[in-house]
Protein chains: 2
Amino acid sequence: MVATLNLINGRWKGVILYYLLTHGTMRFNELHRQLPGCTPRLLVKQLRELEDDAFISRTVYPVVPPKVEYALTEEGRTIGPILSQLNEWGTGWLERRGLRPRAEETA
Amino acid sequence: MVATLNLINGRWKGVILYYLLTHGTMRFNELHRQLPGCTPRLLVKQLRELEDDAFISRTVYPVVPPKVEYALTEEGRTIGPILSQLNEWGTGWLERRGLRPRAEETA
DNA sequence: CAGTATCCTGGGAGATACTG
DNA sequence: CAGTATCTCCCAGGATACTG
């Protein structure tokens, strides 16, 4: 279980996966814009880790200006239903507690 | 989504919830024994956070030696199905990759 | 656009010892 | 048994500037 949890550890991994799940393919800055408070440096790192774990694919187009697209792999898609449920559960929980997520937590 | 993920952030929260889910009520050291690599100090902290979020209850029995029991609340139980699925998914993932979780990750 | 390169800081977490 | 109390260290992550 610890091993499993470590897979999605890191403040942004879950969100990144969730965005790719709901928005489909996304480019670096597109993703970056959705994650206020996440620096490029950190975003790169989390993306690389997700790539290493085969959850996402990274496609580089040899054009100028550079274009790189990130997408879920088949493997990455397998966690989709769980993330959806988790998101629903969390939203419900916040509501039951009468809380509103802080600005930097709405991503 | 970030807000939701923060709820189960911290290396041990998910595991603690999972243990209480599958083992029922547990005492402090009982829990501690199941989590190699987690210091008492850290365990206390995570338990307090889970308590603050109303996921678990803490019952103190006024006896000598002290006896404290931790259990899931109704609220805590609502995340049960998700954790089970997550665990299954993670286990499957590790197998597909031909990996064995490291000793300190088997909890 | 999609990152690197540096520098730097806070607090997450370990180790050890102690106590009501 | 169920935690505190300290002290310490490390590195995840922030800020800023730069580049193919």
Side-chain angles (χ1 to χ4, degrees), chain A residues 1-3 5-17 19-20 23-53 56-71 102-105 107, chain B residues 1-3 5-16 19-20 23-53 56-72 102-105 107:
Chain A
M1 187 61 176
V2 177
L5 288 169
N6 280 342
L7 290 178
I8 55 166
N9 252 352
R11 195 142 57 239
W12 302 100
K13 287 192 186 176
V15 210
I16 293 171
L17 290 175
Y19 262 103
L20 292 177
H23 291 64
T25 294
M26 292 180 84
R27 302 178 61 173
F28 185 86
N29 274 347
E30 208 174 339
L31 213 35
H32 187 206
R33 252 173 274 122
Q34 304 299 329
L35 308 173
C38 182
T39 57
R41 173 197 172 80
L42 187 48
L43 181 51
V44 173
K45 205 185 149 220
Q46 309 265 304
L47 285 171
R48 291 285 137 82
E49 287 181 22
L50 288 171
E51 204 190 340
D52 289 345
D53 284 345
I56 65 174
S57 64
R58 177 170 177 274
T59 313
V60 184
Y61 296 89
V63 296
V64 179
K67 178 177 174 183
V68 178
E69 285 189 340
Y70 293 92
R102 271 163 283 154
E104 75 274 22
E105 296 185 336
Chain B
M1 187 63 173
V2 177
L5 288 168
N6 279 342
L7 290 179
I8 55 166
N9 252 355
R11 194 140 58 239
W12 303 101
K13 287 193 188 177
V15 210
I16 294 170
Y19 263 103
L20 292 177
H23 291 64
T25 294
M26 292 180 84
R27 303 179 60 173
F28 185 87
N29 275 347
E30 207 174 341
L31 214 36
H32 187 207
R33 252 173 272 122
Q34 306 298 330
L35 308 173
C38 182
T39 57
R41 173 195 172 78
L42 187 48
L43 181 52
V44 172
K45 204 185 149 220
Q46 309 265 307
L47 285 170
R48 291 286 137 81
E49 287 180 23
L50 288 170
E51 204 190 340
D52 289 345
D53 284 344
I56 65 174
S57 63
R58 177 171 178 274
T59 313
V60 184
Y61 296 89
V63 297
V64 180
K67 178 177 173 182
V68 178
E69 285 189 341
Y70 294 91
L72 287 184
R102 271 163 283 155
E104 75 273 22
E105 296 185 335

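Just so it is clear, the structure is predicted and the values come from calculations on it, not from any experiment. Letters go in sequence order (proteins before strands), and every chain restarts at 1.
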What is the separation between atom CZ on F28(A) and atom P on dG20(D), rounded to the nearest whole Å? 18 Å
How close or far is atom C1' of dC1(C) from atom CG of N29(A), stated in whole angstroms? 6 Å
Let me know the distance between CG of L35(A) and P of dA2(C), rounded to the nearest Å. 14 Å
Rounded to whole Å, the CG-C1' distance (L31(B) to dG3(D)) equals 13 Å
Return yes if some donor-acceptor pair links the side-chain N/O of H32(B) with the main-chain N/O of R27(B) below 3.5 Å, else return no. no
Need the pair for dG20(D). Rule: Watson-Crick or G-U wobble, both distances under 3.5 Å, any strand; none if unpaired. dC1(C)
Rounded to whole Å, the CG-C1' distance (L43(A) to dA12(D)) equals 15 Å
Should dA13(C) form a Watson-Crick or G-U wobble pair with both distances under 3.5 Å, which nucleotide is its partner? dT8(D)
Looking only at side-chain atoms of R48(A), point me to the closest of dT4(C), dA2(D), dC1(C). dT4(C)
Can you see which heavy atom on V2(A) is nearest to which on V15(B), and at what distance? CG2-CG2, 3.7 Å
Closest-nucleotide ordering on DNA chain D, the 5'-leading residue of L47(B) and Q46(A): L47(B)
Partner of W12(B) under side chain to side chain contact (heavy atoms under 4.5 Å, CB included), chosen from L50(B), L42(B), L31(B), L47(B): L42(B)
Considering only heavy atoms and no angle criterion, is a donor-acceptor pair shorter than 3.5 Å present between the side chain of R41(A) and the base of dT16(D)? no
L42(B), nearest nucleotide to its side chain (from dC1(D), dA13(C), dA2(C)): dA13(C)
Which nucleotide in the list dG14(D), dA2(D), dA15(C) gets nearest to the side chain of R58(B)? dA2(D)
Using whole Å, report how far CD of E69(A) lies from C1' of dC1(C). 13 Å
Taking all non-hydrogen atoms of both residues, which atom of V68(A) and which atom of R58(A) are closest, and how far apart? CG1-CG, 3.7 Å
Round to the nearest Å and state the distance from N6(A) atom CG to dA13(C) atom C1'. 14 Å
By nearest atom, which of the nucleotides dC1(C), dG3(D), dG20(C) is closest to the P66(B) side chain? dG20(C)
Between atom CZ in R33(B) and atom C1' in dC1(D), what is the gap in whole Å? 10 Å
Just so I know, are the side chains of T59(B) and T25(B) near enough to count as touching, which here means a heavy-atom distance under 4.5 Å? no
Taking the minimum atom-to-atom distance to the side chain of V44(B), which one of dT4(D), dG14(C), dA2(C) wins? dT4(D)
From the candidates dG14(C), dG3(D), dT4(C), the one with an atom nearest any side-chain atom of T39(B) is dG14(C)
Taking OP1 and OP2 of dG12(C), is either one under 4.0 Å from a side-chain nitrogen or oxygen of K45(B)? yes
So, is Y70(B) near the phosphate of dG3(D), with a side-chain N or O under 4.0 Å from OP1 or OP2? yes
Are any of the side-chain heavy atoms of L35(B) and Y19(B) separated by less than 4.5 Å? yes
At 4.0 Å (heavy atoms only), tell me whether Y61(B) reaches a base, stays on the sugar-phosphate, or touches nothing. nothing
